[in-house]
Structure formats: C-alpha cells, structure tokens
Amino acid sequence: MSVEEDTVNQGRLLATVRGPQDVKRMSGEQLDILAAEIRDFLIAKVSRTGGHVGPNLGVVELTLAMHRVFDSPRDRLLFDTGHQAYVHKIVTGRQDGFDKLRQRGGISGYPNQAESEHDLIENSHASTALSYADGLAKAYALRGEKRSVVAVVGDGALTGGMCWEALNNIATSGNPLVIVVNDNGRSYSPTIGGLADHLSSLRLNPGYEKVLDTVKDALGNTPFVGKPMYEVLHAVKKGIKDAVAPQAMFEDLGIKYVGPVDGHDVAAVESALRAAKNFGGPVIVHAVTRKGYGYRPAEEDEADCLHGPGSAFDIETGKLLAAPSVKWTHVFADELVAIADERPDVVGITAAMAEPTGIAKLARKYPERVYDVGIAEQHAATSAAGLALGGLHPVVAVYATFLNRAFDQVLLDVAMHRLPVTFVLDRAGITGPDGPSHYGMWDMSVFGVVPGLRIAAPRDAVTLREELREAVAVDDAPTIVRFPTGTVAVDLPALRRVGPVDVLAESARTDVLLVAVGAFGQLGMEVAVRLAEHGYGVTVVDPRWVRPVPAELVELAAGHRLVVTVEDGVRVGGVGDALAQAMRDADVRVPLKDLGVPADWHPHGTRAQILADLGLTAQDVARDVTGWISGLDAQPVEPARPDEAAAKN
Ligand SMILES: Cc1ncc(C[n+]2csc(CCOP(=O)(O)OP(=O)(O)O)c2C)c(N)n1
C-alpha cells in the first residue's frame, strides 16, 4: 500500500479539518488527498444512513475551492436545493454528525441554520438560490457591507423559472455576486433530455466529454462576455458544446461568464472563483462536474447516478440493503400504464422526476406520451392545462410538497378553466428523513380551497387503482390523488360503501365515527378494536374522496355521538376542518375532534417516529378518543343508527 493510499484510508488529513481555515492551509497535493478522503468518508457514512451520494461526490473539489477563496460565514455560500451541501458540512466542522445523518436528532440532509453559522438557506426546493443571492447582495450593498455572495446552482435547478427571473434581476442590479453553475448534465436523470432513449445520452455526448478534456485550455481565455442568457443556459443544458467556444456571452445582460472550468480540478476552480470574486459585479462560473465522481456504482448508475438512496446501501454495488417491497409509487405506475393502454388521450408529465414518481414506466412504453418539463412545477401545471385544452387528459405526477409551488396555476389556469387534469401527489403527508421542507402535508389544505377540484386519498393498492381511474374519468375539473411514501399499505376491504364513503368497520353501538383519511385506514381499525375493549362502538370510515366533503359523511356523522378525523396533513383547513364546516352548514351538532399534523416545522426522522411524536399512532389515538367519549357522557345513551337519524330529518 502506498503512503498516499494509507493516508486516504486512515482519513488522517480529513481528521484535521475542523473548519474552513484548515482547508485554506493545505497544499495542492494535500487537497487531492483530502478530496479522496472526503469521498471515502461520504461513501462510508451515507451507505449506512442513505442520503444524497451522487450530487455530493460531484462537488468535492468545487466546495473545497469555494471555502479556500471565500471566507464563510462572513461571505455567504448558498447551495441551491441544498442536497449537495454535505462536503460543505464536512468542511465546516460537522464530520461527527454524519453517523446520524438524516436521522432523528442527527444532522439534516440539507443546510440548516440551527446546525451551523455557515448555513443560511434551508428550503430544499430547487431554483431559489439565485433569488436569495440577489436579495442578499442588494442588502449588503445598501448596508455598505463588503461581503461576497456565492450561489451554487445545478444545471437541473437552472431549468426552474425562478433562476431565470433571478438572473434578469441580478444582471440589472449589477451587484457583485458569484453564480457557480455546477453542470453535471443531470437532474436525477439527464437534465430534461427525455426518458428511455436519453437515459444514457450524457456519457455518450461528445461535447461533454470534450469539455472535460479541454477545460483547462479554455480557462486561459476567460472571462467571456457576450451572448444573451438564453444561449448560455441552452448551451449549459446541451452539455456546453457551444460554451467551449464562447464569445460575447452574457453581454446583453451584463453578467460575466468564466468557464467552462474542470470542476474536479481544485486549482482551476479556485482561479476561476478568484477572478469572479475580484470582478466587482455579477459573474457566472461554469464548472463541469460528474455526478457521483470517483465512485463507480454512482458513476455507472444510469437512472440517477445514485442521486439519493433513501436508506442504507451496499458499498460494493450501490444497491439498497432493504428487501425490495411494493411501493405506492409502483402501484400508481402500473395502473397508469394500464389506463394509458385503454385511453390514448392519457399522457404523463413529470418535473424532472420520472423515476421517483413512477412516470418513467409510462415513458418506457409510450415515450411520445410523456413530457419531462424540467424542475418546473408551475409550468407543468399550465402546460397540462394546455394539453387538456388540446383534448388530452394529462396526469401530472409530482411529490406533494412540490405542487405547493404551482398553486395559482392549479387554481386559475386549470381549475377556473374546468380542465380535466389529474395531479398525482406522491410522498404526501409526513415523509421522514428529508425533513420539514419535504413534508407533503399542505396539499389537502392548500388545494382544498380550489373550486371544483376533487381530492382522493386512497388507503391501499386497491383503492389507489380505483381512485386513479375515477380521477381520470372526471372530464370537467382537476383532480388530485395523494398517497404517502414507502411500502403500500395492506389491503383493507370495505364492509360496504355509502356514496363514495367506504365503511371499514362498524358495531352495534354508534358512539364514534372515526374518519380515517387515506393510509390511516389500518390505524382506524386498530383504534376500533381498542375502543371496543372499553365497551365503545366505533364506525370506521374512509371517505376516499375528501374534497368536496361527501354529503354521506355528514349524514353518517349525524348518527354518532362523536366524530374523530385522522389525517396525514395539516389540521388547519384539513379534512377535519372541512367536515366540521360541512356539519355546521347542515346543522349537525355532533362534536368533532380533528387529529392531524400541526401547522409547524417538524424535524426529520423516520415517518413512524414523526407520526409517533405527533400522537398519530393507534395507541395514542385510541387513548385520546377514549378520553373524549368517556368525558362526553358518564352514562352513554345509545344514539340512533345513521339511517334512522336521516329518516328523522
Ligand atoms: C421544486 C423542486 N422540485 C423537485 C425537486 C427534487 N429534486 C431534488 S434535486 C433534483 C435534481 C437537481 O439537479 P441539479 O440542480 O442539476 O443538481 P445535481 O443533483 O445534479 O447536483 C430534483 C429534481 C426539488 N428539490 N425542488
């Protein structure tokens, strides 16, 4: 074993890094060793916890160079999305935290203000960093503070409209600001570029390869000033072929351009950053990197370069250790293909997440019927409106948290035009390790106010298939079908159906109507069993369609002494709130208790841990409900069954 390998294996150099100043002191040779040690460290740690592997392996040298040229936290380093900030965490003294990365009580998978003064933005939704940077630079200019602002943004994030809006403003304001474009040609899959056909296009793209070979030569000719923003961004997406010979770039906008620079050459990146820092106005530093660099399973992973394995994986192969299971996403993906087989008008849209949302399955069978619009959820919604106006039925598959971005588009562009667009919200509710910004807990409240929009929350695979079919059968309004993350819940057949509402359990006594939303069906059943032990009768129902509130649900409520709702979404404006309002409107004076997620920022952890923290376990709910019902009346009277109650009205 060579001395160098030995050092790398021991991680000796890395152990000396307690803050950015330690990296600043290192020689070029040491930096190379450090970069290798960081890669070893990242792979070893993240393989145990899951997390963003590929993106971080790609920015090791970039991050080291940034910390050498700039003086964080006085200078502000902003990471767009923030999933690629692990190296930044390592450099800023958080190595020890990596044993509990993304775990309850451990460090976050994103920048986090509470963790470090070196972290500033922690939203983790893409394409925002340039806007933050614009504002920060303006603030420092107005306050007369001499501090650099540096934003790192991926070529994937650059497909988001906010980046373009920010660039226009950054150019006009002229404030000093460094934009580092981390161009690895990929979002999850190759950036935009389509699906099956294009999954391996990047590596075969001669322009991209050429850049990696020639960047050092090109660096001598920088900075370039000239062509308008569109051309540059276009070049970025194409793999920079055009940018290798750029003249007059950004002239129209007044943003200097430096690059392309080999993002895995610390010295080259450093020299570009120093030039940018000293320029005194907005500068783009275009760094070409490889996602997953230095780790074969990531570099060779065609799907997403090991973008973010959700849990522990085998270091040799990069494959997850957990036994594969059928996920909600798989059920959706299969059923969508089955529907598309029957309905040629059904098309799919993804916002740069074809594989994670399952739309990729449809794309493999019908590539011409799937549109990857980039990280552009707002555009996805209005483009879907256009598709619907053109006679198609689009199914827009996004994570629940990301549709928040497109509220106005869903409201006016889709719903006001009464257009048949189905939004499929994966990872709805509490998701877990990605933390507060990734919780899909707002959808039922936020989209619950959209006139005409119907929301379904399936409880298992059977109802997911069924409700998806019902959704795409709606031809005069948008629909949402939302389901949680992870393994699909076990099938829970209904006893009977009242209107759209499934009755899952009932007893001779009608003390409590338990409205179990979506995947909480099973929890409802367990609560019923526990309450039966106390002599109380619980009717467990799954409304299936939670918006608009089914009239049958209100009628059922009228026949019970207490209504309890349990939902995987914020309580404010949630299903419980909506049912309470419907009951008030119908003069149904049965008390209602709504259990759900408080409108707050909930920490990361596993989904089960966070739900337990929120009291959303069968045990907790049963205890609460027992307390409420026993408190209602010491001598419970047996109320009439719902049909009798309805007859009386
Ligand atoms: C608004 C929004 N939509 C989707 C995502 C999910 N997402 C996280 S990272 C990512 C790809 C980012 O690609 P890029 O910016 O090029 O960074 P890379 O991972 O390639 O380093 C996506 C789509 C997100 N974070 N925010």
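These values consider heavy atoms only, across backbone and side chains, with no hydrogens, waters or symmetry-generated copies. Read the numbers this way: they start at 1 and go in the same order the structure lists the ligands and their atoms.
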Seminar exercise, completed: Here the salt bridge (Lys or Arg N to Asp or Glu O under 4.0 Å) pairs for residues 425-448, sequence neighbours left out, are Arg102-Asp434, Asp443-Arg482

If you look at each N/O of ligand 1, which protein N/O atoms lie under 3.5 Å away, and at what distance?
{"from": "ligand 1", "atom 1": "3 (N)", "to": "Glu377", "atom 2": "OE2", "distance (Å)": "2.6"}
{"from": "ligand 1", "atom 1": "15 (O)", "to": "Ala157", "atom 2": "N", "distance (Å)": "2.9"}
{"from": "ligand 1", "atom 1": "16 (O)", "to": "Asp155", "atom 2": "N", "distance (Å)": "3.4"}
{"from": "ligand 1", "atom 1": "16 (O)", "to": "Asp155", "atom 2": "OD1", "distance (Å)": "3.4"}
{"from": "ligand 1", "atom 1": "16 (O)", "to": "Gly156", "atom 2": "N", "distance (Å)": "2.7"}
{"from": "ligand 1", "atom 1": "16 (O)", "to": "Arg186", "atom 2": "O", "distance (Å)": "2.8"}
{"from": "ligand 1", "atom 1": "19 (O)", "to": "His83", "atom 2": "NE2", "distance (Å)": "2.7"}
{"from": "ligand 1", "atom 1": "19 (O)", "to": "Lys291", "atom 2": "NZ", "distance (Å)": "2.7"}
{"from": "ligand 1", "atom 1": "20 (O)", "to": "Asn184", "atom 2": "OD1", "distance (Å)": "3.2"}
{"from": "ligand 1", "atom 1": "20 (O)", "to": "Asn184", "atom 2": "ND2", "distance (Å)": "2.9"}
{"from": "ligand 1", "atom 1": "20 (O)", "to": "Arg186", "atom 2": "O", "distance (Å)": "2.9"}
{"from": "ligand 1", "atom 1": "20 (O)", "to": "Lys291", "atom 2": "NZ", "distance (Å)": "3.1"}
{"from": "ligand 1", "atom 1": "21 (O)", "to": "Asn184", "atom 2": "ND2", "distance (Å)": "3.4"}
{"from": "ligand 1", "atom 1": "25 (N)", "to": "Ser124", "atom 2": "O", "distance (Å)": "3.1"}
{"from": "ligand 1", "atom 1": "26 (N)", "to": "Ala126", "atom 2": "N", "distance (Å)": "2.9"}

Problem set entry | Charged N-O contact under 4.0 Å between Glu355 and Arg364 | yes

For this session: Among His438, His88, His125, His52, find the residue that satisfies the ring-ring contact (aromatic ring centres under 6.0 Å, His included) test when tested with His83.
Result: His52

Exercise. Less than 4.0 Å between a side-chain N and a carboxylate O, is that true for Arg290 and Asp183?
Worked result: no

Exercise. Does Arg186 pair with Glu302 as a salt bridge, N-O distance under 4.0 Å?
Worked result: no

Exercise. Hey, are Arg94 and Asp119 close enough for a salt bridge, meaning a charged N less than 4.0 Å from a carboxylate O?
Worked result: yes

